[in-house]
Protein chains: 2
Amino acid sequence: MDPVNSRTTSPSTILLDDLLGYALRRAQLKAFQCVVEAFEPYDLRPAQFSALAILEQNPGIMQADLAKALAIEPPQAVVLVNKLEQRNLALRIRSQTDRRSYGLYLSRQGEKLLNELKEIAQRCDLETTAALSDCEREELLRLLKKLCLS
Amino acid sequence: MDPVNSRTTSPSTILLDDLLGYALRRAQLKAFQCVVEAFEPYDLRPAQFSALAILEQNPGIMQADLAKALAIEPPQAVVLVNKLEQRNLALRIRSQTDRRSYGLYLSRQGEKLLNELKEIAQRCDLETTAALSDCEREELLRLLKKLCLS
DNA sequence: TATTGTTATACTCTATAACTATA
DNA sequence: TATAGTTATAGAGTATAACAATA
């Protein structure tokens with residue numbers, strides 16, 4: 001049988017390019033590539049940046065809750081926070097009331113670095129969405145945030 | 001406090017939730033989770049589904065070009081195509097003109113499965129974007145595709 | 001007995017260098 | 001010499017079970 005001519009049925013009308021999941025994947029890959037490269041001089045991964053930002057907005061957060069916020073498992077959070085602590089970007093402070101847990105805090109150095117990284121991340125957003133107008137960029141963000149609510 | 005200036009001035013007010021890269025990441029994770037679960041009974045990963053769809057649209061494509069289309073490295077394409085071939089979803093046919101390369105084709109079984117999977121992927125799109133109206137869903141897809149052009 | 005954080009482990013994904021067979 | 005595909009390998013990312021300290 002000739003594999004080239006073996007197709008007698010017409011291809012379905014659904015194309016890969018019309019699937020939202022596929023488009024999301026491609027767009028996210030592009031955005032990630034930009035951020036990973038831009039953070040490389042700082043030897044920092046996107047998840048570590050997100051962790052710093054979450055610590056800033058939630059000073060004293062427990063590791064388990066940080067893991068939830070990052071959508072990672074507690075064991076991954078251990079490794080991540082270890083690295084931030086070793087680089088003096090974050091602090092673990094034992095809770096007085098429940099001595100099993102820590103409160104996590106940004107260090108001064110962590111705060112300073114975070115503000116630098118946030119500017120870089122914003123520039124990456126612009127670079128990634130260079131094909132969009134300001135209006136479209138805002139609409140895209142609005143739709144993505146709305147999508148994540150449900 | 002001036003309500004206008006309070007949200008337009010200080011750069012330290014950049015929040016994680018206002019970064020497009022972060023929103024893209026979260027949305028893509030949600031979409032991926034849905035697809036991975038839905039494909040689980042078929043023992044198939046999203047990249048394998050994409051490969052089948054690319055083979056359908058590009059019968060006879062070389063492995064190197066498939067790798068480029070999937071944004072993966074050639075060694076990953078080897079493993080991926082091996083699995084598709086072992087499961088009789090795809091065929092490798094040696095090129096007559098250049099006996100180093102193959103043409104890749106969907107098998108009948110691969111075509112059949114692909115059409116099933118495309119319907120599932122479409123249902124996942126709807127589930128992932130359940131918070132959006134039809135109009136918003138279309139606009140999101142348009143913006144994501146436009147973003148990927150540049 | 002349950003929970004927080006931790007260790008160990010394994011499986012996937014990704015990236016690179018080096019090999020083979022053809023050209 | 002260069003190219004298509006392959007092998008081997010190592011590094012991330014991810015997920016689970018099991019353990020220690022504490023509640």
Side-chain angles (χ1 to χ4, degrees), chain A residues 25-26 28-37 39-40 42-51 55 58 60-86 90-105, chain B residues 21-22 25-26 28-37 39-40 42-51 55 58 60-86 90-105:
Chain A
R25 173 67 175 161
R26 290 176 62 91
Q28 189 269 329
L29 267 180
K30 186 179 178 184
F32 230 61
Q33 256 180 322
C34 185
V35 171
V36 166
E37 277 173 34
F39 284 179
E40 214 160 272
Y42 299 87
D43 190 28
L44 226 87
R45 301 289 304 175
Q48 296 175 305
F49 163 69
S50 298
L55 258 52
N58 305 275
I61 191 175
M62 290 197 329
Q63 239 177 243
D65 291 332
L66 174 65
K68 251 180 228 160
L70 287 170
I72 64 178
E73 297 299 315
Q76 299 174 59
V78 174
V79 182
L80 192 152
V81 174
N82 281 349
K83 281 185 188 148
L84 297 181
E85 202 184 26
Q86 281 155 23
L91 308 167
R92 277 193 252 235
I93 312 253
R94 273 277 178 214
S95 164
Q96 299 296 340
T97 55
D98 183 345
R99 289 167 44 71
R100 289 172 302 183
S101 68
Y102 304 116
L104 300 176
Y105 300 89
Chain B
Y22 185 70
R25 173 68 175 159
R26 290 177 62 92
Q28 188 269 328
L29 268 180
K30 186 180 178 184
F32 231 60
Q33 257 179 322
C34 185
V35 172
V36 166
E37 278 173 35
F39 284 179
E40 214 160 273
Y42 300 87
D43 190 27
L44 226 87
R45 302 287 306 175
Q48 297 176 305
F49 163 69
S50 298
L55 257 51
N58 305 275
I61 191 174
M62 291 198 326
Q63 239 176 245
D65 292 332
L66 174 64
K68 251 180 227 161
L70 287 170
I72 64 178
E73 297 300 315
Q76 299 173 58
V78 174
V79 182
L80 193 153
V81 174
N82 280 348
K83 281 186 189 145
L84 297 181
E85 201 183 27
Q86 281 155 24
L91 308 167
R92 278 193 252 236
I93 312 259
R94 274 278 178 213
S95 164
Q96 299 296 339
T97 57
D98 183 345
R99 289 167 45 72
R100 290 171 303 182
S101 69
Y102 304 115
L104 300 177
Y105 301 89

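Every chain is numbered from 1 and lettered A, B, ... according to where its sequence line falls, protein lines coming before strand lines.
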Note to self: Measuring to OP1 and OP2 of D:dT6, would you say a side-chain N or O of B:Y102 lies under 4.0 angstrom away?
What the structure shows: yes
Check: Do any side-chain nitrogens or oxygens of B:Q76 fall under 4.0 Å of OP1 or OP2 in C:dT14?
Finding: yes
Notebook entry, point to check: Looking at B:V35 and B:P46, what are the two nearest heavy atoms and their distance?
Noted result: CG1-CG, 4.2 Å
Let me know the distance between [atom1] of [X] and [atom2] of [N], rounded to the nearest Å.
X     : N      : atom1 : atom2 : answer
B:K68 : C:dA15 : NZ    : C1'   : 17 Å
A:E73 : C:dT7  : CD    : C1'   : 15 Å
A:R25 : C:dT14 : CZ    : C1'   : 11 Å
A:R45 : D:dA12 : CZ    : C1'   : 7 Å
A:L70 : C:dG5  : CG    : P     : 13 Å
A:I93 : C:dG5  : CD1   : C1'   : 16 Å
A:N82 : D:dG13 : CG    : P     : 15 Å
A:M62 : C:dT6  : CE    : P     : 12 Å

Margin query: For A:R92 and A:L29, find the nucleotide of DNA chain C closest to each by heavy atoms; which residue's nucleotide sits nearer the 5' end?
Written below: A:R92
Check: Taking everything shown except A:R92 itself, do over 12 heavy atoms lie less than 6.0 Å from its CZ?
Finding: yes
Notebook entry, point to check: Hey, which of these two, A:D98 or A:P74, hits DNA chain D nearer its 5' end, going by closest nucleotide?
Noted result: A:P74
Note to self: Please determine whether any donor N or O and acceptor N or O are separated by less than 3.5 Å between the side chain of A:R100 and the base of C:dT3.
What the structure shows: yes
Checklist line | Ring-face cation of B:R45 near B:F39 (centre distance under 6.0 Å, axis angle within 45°) | finding: no
Margin query: Let's see if you can work this out: which of C:dT7, D:dT6, C:dT22 has an atom nearest to the side-chain heavy atoms of B:R99?
Written below: C:dT22
Checklist line | Short side-chain to backbone donor-acceptor contact, B:R94 and B:Y102, under 3.5 Å | finding: no
Notebook entry, point to check: NA contact type, B:R94, heavy-atom cut-off 4.0 Å: base, sugar-phosphate, or nothing?
Noted result: nothing
Checklist line | Any A:L84 side-chain heavy atom under 4.5 Å of A:Q48 side chain | finding: yes
